[in-house]
Amino acid sequence: MRSIAALAILTLAAGLGACSGMSRQDQNTAIGAGAGAVGGSVLTGGSTIGTLGGAAIGGYIGNQVDTNKK
């Protein structure tokens, strides 16, 4: 169990480092997809369809977030 947690932390750190060259909208899309995947997995008990569906919905919502406050 500890090795899985360590692997997850390393993967998260590497993923966040990859966002440095992305636009703000791309970053929001990636963050939304990640959060949606986790949420979908939790809500469906680890179902692959739930995880992928959550990632798709979260990515869409993250992409639509307006970062230019007027």
Side-chain angles (χ1 to χ4, degrees):
M1 192 68 153
R2 280 194 142 129
S3 61
I4 293 173
L7 182 61
I9 290 170
L10 288 173
T11 303
L12 178 63
L16 290 175
C19 290
S20 64
M22 298 172 89
S23 72
R24 188 68 182 153
Q25 186 174 21
D26 290 343
Q27 290 176 3
N28 288 343
T29 302
I31 291 168
V38 170
S41 178
V42 168
L43 291 173
T44 61
S47 161
T48 302
I49 298 296
T51 303
L52 293 175
I57 292 168
Y60 177 77
I61 292 170
N63 183 269
Q64 298 303 309
V65 171
D66 184 12
T67 57
N68 297 324
K69 307 245 180 195
K70 296 176 183 174

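Scope of the values below: all heavy atoms of this structure, side chains included, with no hydrogens, waters or symmetry mates. Numbering starts at 1 and runs along the sequence shown.
A donor-acceptor pair under 3.5 Å is formed between the side chain of T29 and the backbone N or O of Q25.
Closest heavy-atom contact between M22 and Q27: O-NE2, 3.4 Å. Here the closest heavy-atom approach between residue T51 and residue T44 is recorded as N-OG1, 4.4 Å.
Considering CD1 of I57 and CG of L52, their distance stands at 11.0 Å, rounded to 0.5 Å.
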